[in-house]
Asker: 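Dropping a structure here in structure tokens format, bear with me for questions.
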Amino acid sequence: MNTKFETLKASVQEIIDLIAAGDSREANNKLLDVSEVLDEMIDFAEEDEEVREISRYQVLLNQLHVKLNGEEEVDGDA
């Protein structure tokens, strides 16, 4: 389980670095890729702890999406 989340953490950091560098297009593309990975992970999660950790990353990705696209969240969706 740790390896999956270490890779995920590195990918999220890459998105943050791209945003900081002003490369919104590449950051948005990477965000979409990581979102797909999270969707797959949640589909196959077997432990509650794993689901909680995935949920934390989903919240973070939603916040990054709002930051990138300047959208307001509506009913928890960005």
Side-chain angles (χ1 to χ4, degrees):
M1 184 168 110
N2 284 341
T3 305
K4 289 189 279 190
F5 288 110
E6 288 300 318
T7 303
L8 196 55
K9 181 179 177 182
S11 295
V12 170
Q13 185 60 52
E14 186 179 343
I15 294 167
I16 293 168
D17 292 344
L18 288 166
I19 292 170
D23 192 350
S24 331
R25 172 177 262 168
E26 190 59 35
N28 206 26
N29 289 340
K30 184 73 176 176
L31 191 141
L32 292 173
D33 291 342
V34 174
S35 292
E36 287 178 16
V37 169
L38 276 177
D39 288 344
E40 287 179 25
M41 287 175 73
I42 199 90
D43 287 342
F44 296 104
E46 295 178 1
E47 300 175 16
D48 288 344
E49 181 182 333
E50 195 174 1
V51 172
R52 281 191 295 274
E53 189 68 17
I54 292 167
S55 296
R56 288 183 191 118
Y57 278 99
Q58 286 176 320
V59 169
L60 177 56
L61 287 183
N62 283 339
Q63 291 171 339
L64 291 173
H65 177 79
V66 169
K67 173 110 177 125
L68 272 171
N69 297 297
E71 298 175 5
E72 292 293 322
E73 289 190 41
V74 178
D75 295 332
D77 285 329

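Any value given below was found using the heavy atoms of this structure, including those in side chains, with hydrogens, waters and symmetry copies removed. The chain is numbered in sequence order, starting from 1.
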Asker: Have Q13 and D17 got a donor and an acceptor in their side chains that come within less than 3.5 Å?
Answerer: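 Looking only at side-chain atoms, D17 and Q13 do form a donor-acceptor pair, the distance falling under 3.5 Å.
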
Asker: Measuring from atom CG of L38 to atom CG of D33, what distance do you get when rounded to the nearest 0.5 angstrom?
Answerer: 11.5 Å

Asker: Taking the side chain from N69 and the backbone from H65, do they hold a donor-acceptor pair closer than 3.5 Å?
Answerer: yes

Asker: Which heavy-atom pair separates L61 from L31 by the least distance, and what is that distance?
Answerer: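 Of all heavy-atom pairs spanning L61 and L31, the closest is O-CD1, 3.8 Å.
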
Asker: More than 12 heavy atoms of other residues, nucleotides or ligands under 6.0 Å from CG of D48: is that the case?
Answerer: no

Asker: Under 4.5 Å between side-chain heavy atoms, counting indirect links through other Ile/Leu/Val/Met/Phe/Trp/Tyr residues: same cluster for L8 and V51 or not?
Answerer: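 In one cluster with L8: V51, yes.
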
Asker: Passes salt bridge (Lys or Arg N to Asp or Glu O under 4.0 Å), R56 versus E53? Steps please.
Answerer: CA-CA 5 Å; R56 288 183 191 118; E53 189 68 17; 2.7 Å; yes

Asker: What is the distance from atom CD1 of I54 to atom CD of E40, rounded to the nearest 0.5 Å?
Answerer: 11.0 Å

Asker: About how many Å separate CD1 of I19 and CG of L68, when rounded to the nearest 0.5 Å?
Answerer: 4.0 Å

Asker: If you compare all heavy atoms of L18 against all heavy atoms of K30, which two are closest, and at what distance to 0.1 Å?
Answerer: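 That closest heavy-atom pairing would be CD1-CB, 4.4 Å.
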
Asker: Hey, could you give me the OH/NZ distance between Y57 and K4, rounded to the nearest 0.5 Å?
Answerer: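 That separation rounds to 12.5 Å.
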
Asker: Can you name the nearest heavy-atom pair linking V34 to S11, along with the distance?
Answerer: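 Taking V34 first and S11 second, the nearest heavy atoms are CG2-CB, 3.6 Å.
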
Asker: Applying the 4.5 Å side-chain criterion to the ILVMFWY set and letting contacts propagate, would I42 and V37 be lumped into a single cluster?
Answerer: yes

Asker: Between CG of D23 and CG of N28, what distance do you get to the nearest 0.5 Å?
Answerer: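 Here the rounded value is 10.5 Å.
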
